[in-house]
Amino acid sequence: MKSYITLTAMRNHRFRIAYRRAAKERMEANARCLVDRVLNSPVKQGIFVSADHLLVMNRRRRAGTLPKNMSEENRRMWDEIFSIFDDFCAKNPGVSLTEAACRVVSGATASRFYISPKVAMSLVESGEWRVKNEKY
């Protein structure tokens with residue numbers, strides 16, 4: 001099972017790869033516009049939360065106890081994840097919630113990278129996007 005740190009590293013690595021590809025294609029003139037374009041592009045296997053965390057958050061959602069201080073970015077991410085999860089459960093009624101969560105986090109495509117523009121720019125400005133290893 002992957003930890004939060006591993007999932008965050010994978011997300012950041014995939015963002016760096018997407019940024020590098022977009023930069024090679026010279027899709028935008030400046031880094032900020034390129035970051036915005038990359039952030040708002042679909043991400044295959046882009047649900048970077050663990051199945052355990054999805055199940056906990058789903059339980060909290062159903063109980064009405066989701067954190068009130070969630071950032072707007074985080075709330076949009078969870079809304080999308082819950083939508084994908086609910087659709088999967090509706091289409092596969094015999095599947096357990098645990099199996100559904102595992103399938104969603106391992107195979108769903110997110111509509112965008114859920115990274116704040118500030119964090120994305122710091123990844124770009126650090127030069128870490130120049131990584132050669134694309135193992136994730």
Side-chain angles (χ1 to χ4, degrees):
M1 180 177 330
K2 294 185 171 128
S3 70
Y4 171 78
I5 293 169
T6 304
L7 291 165
T8 300
M10 285 174 62
R11 178 203 67 186
N12 292 350
H13 190 78
R14 287 194 190 163
F15 171 78
R16 290 179 193 117
I17 291 168
Y19 183 87
R20 187 176 68 221
R21 286 182 183 149
K24 280 182 184 176
E25 294 171 11
R26 301 193 193 293
M27 295 172 71
E28 297 291 344
N30 66 46
R32 179 61 191 189
C33 290
L34 188 56
V35 163
D36 287 342
R37 179 182 290 266
V38 173
L39 283 179
N40 292 301
S41 61
V43 186
K44 288 185 180 175
Q45 294 180 327
I47 307 295
F48 297 107
V49 300
S50 69
D52 289 341
H53 191 55
L54 171 53
L55 291 169
V56 167
M57 292 298 279
N58 186 55
R59 212 172 8 252
R60 290 183 77 182
R61 172 181 64 140
R62 297 206 185 283
T65 59
L66 283 174
K68 303 269 188 261
N69 61 345
M70 231 190 277
S71 71
E72 185 61 32
E73 187 78 8
N74 215 8
R75 180 148 322 268
R76 283 197 321 257
M77 177 190 78
W78 279 107
D79 287 346
E80 180 173 358
I81 292 170
F82 291 144
S83 175
I84 294 167
F85 182 70
D86 292 344
D87 286 348
F88 183 88
C89 290
K91 291 176 183 170
N92 300 280
V95 172
S96 72
L97 291 179
T98 302
E99 185 177 346
C102 289
R103 288 203 196 166
V104 165
V105 300
S106 68
T109 296
S111 65
R112 63 184 308 276
F113 279 97
Y114 285 99
I115 303 175
S116 72
K118 182 179 177 180
V119 170
M121 281 305 296
S122 72
L123 290 171
V124 169
E125 289 168 354
S126 71
E128 293 180 30
W129 62 276
R130 300 177 195 277
V131 236
K132 298 291 184 211
N133 182 0
E134 295 187 13
K135 71 178 182 178
Y136 293 118

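FYI, the numbering just counts along the sequence from 1. Worth saying up front: this structure is predicted, and the values here are computed from it rather than measured.
Closest non-hydrogen pair, Pro42 versus Thr109, comes out as CB-CG2, 4.2 Å. Closest non-hydrogen pair, Val49 versus Met77, comes out as CG1-CE, 4.2 Å. The two atoms that bring Ala108 and Ile47 nearest to each other are CB-CG1, 3.6 Å, heavy atoms only. Across every non-hydrogen atom of Val38 and Ala22, the tightest pair is CG2-CB, 3.8 Å.
Taken to the nearest 0.5 Å, the CZ atom of Arg37 stands 14.0 Å off from the CZ atom of Arg32. Annotation: the span from Ile84 atom CD1 to Ser111 atom OG amounts to 7.5 Å, rounded to 0.5 Å. The distance from the CG atom of Asn12 to the CD1 atom of Ile17 is 11.0 Å, given to the nearest 0.5 Å. Once rounded to the nearest 0.5 Å, the distance linking CD1 of Ile81 with OG of Ser83 reads 10.5 Å. Remark: Glu72 CD to Asn74 CG distance equals 10.0 Å, nearest 0.5 Å. Once rounded to the nearest 0.5 Å, the distance linking CE of Met121 with CD1 of Ile115 reads 12.5 Å.
Contact of the Cys89 side chain with the Leu97 side chain is registered, since non-hydrogen atoms from C-beta on lie closer than 4.5 Å. Residues Phe48 and Val43 are in side-chain contact: their nearest non-hydrogen atoms beyond the backbone lie under 4.5 Å apart. Side-chain atoms of Phe85 and Asn58, non-hydrogen and from C-beta on, do get closer than 4.5 Å to each other.
Residues forming a side-chain contact (heavy atoms from CB on, under 4.5 Å) with Pro67 (at least two apart in sequence, or on another chain): Met57, Arg60, Asn69, Met70. By the ring-ring contact (aromatic ring centres under 6.0 Å, His included) test, Phe88 is found to be paired with no residue, residues two or more places apart in sequence or in another chain being considered. Taking Glu99 as the reference, Arg103 meet the side chain to side chain donor-acceptor pair (under 3.5 Å) condition, with sequence neighbours excluded. For the salt bridge (charged side-chain N to carboxylate O under 4.0 Å, His left out) test, residues two or more places apart in sequence or in another chain that qualify with Asp86 are Arg61, Arg62. Residues passing the ring-ring contact (aromatic ring centres under 6.0 Å, His included) test with Phe113 are Phe15, sequence neighbours excluded. Listed by chain and number, the residues in a side chain to side chain donor-acceptor pair (under 3.5 Å) with Arg59 amount to none (sequence neighbours excluded).
Between Glu73 and Arg76, at least one side-chain nitrogen of the basic residue sits less than 4.0 Å from a carboxylate oxygen of the acidic one, meeting the salt-bridge criterion. A salt bridge does not link Asp79 with Arg75: none of the charged nitrogens is closer than 4.0 Å to a carboxylate oxygen.
Residues Val119 and Leu7 share a single hydrophobic cluster, defined by chaining ILVMFWY side chains whose heavy atoms lie under 4.5 Å apart. There is no path of hydrophobic side-chain contacts, each under 4.5 Å, that joins Val56 to Val105.
Geometrically, Arg112 engages Tyr114 in a cation-pi contact, judged by NZ or CZ lying under 6.0 Å from the ring centre and within 45° of the ring axis.
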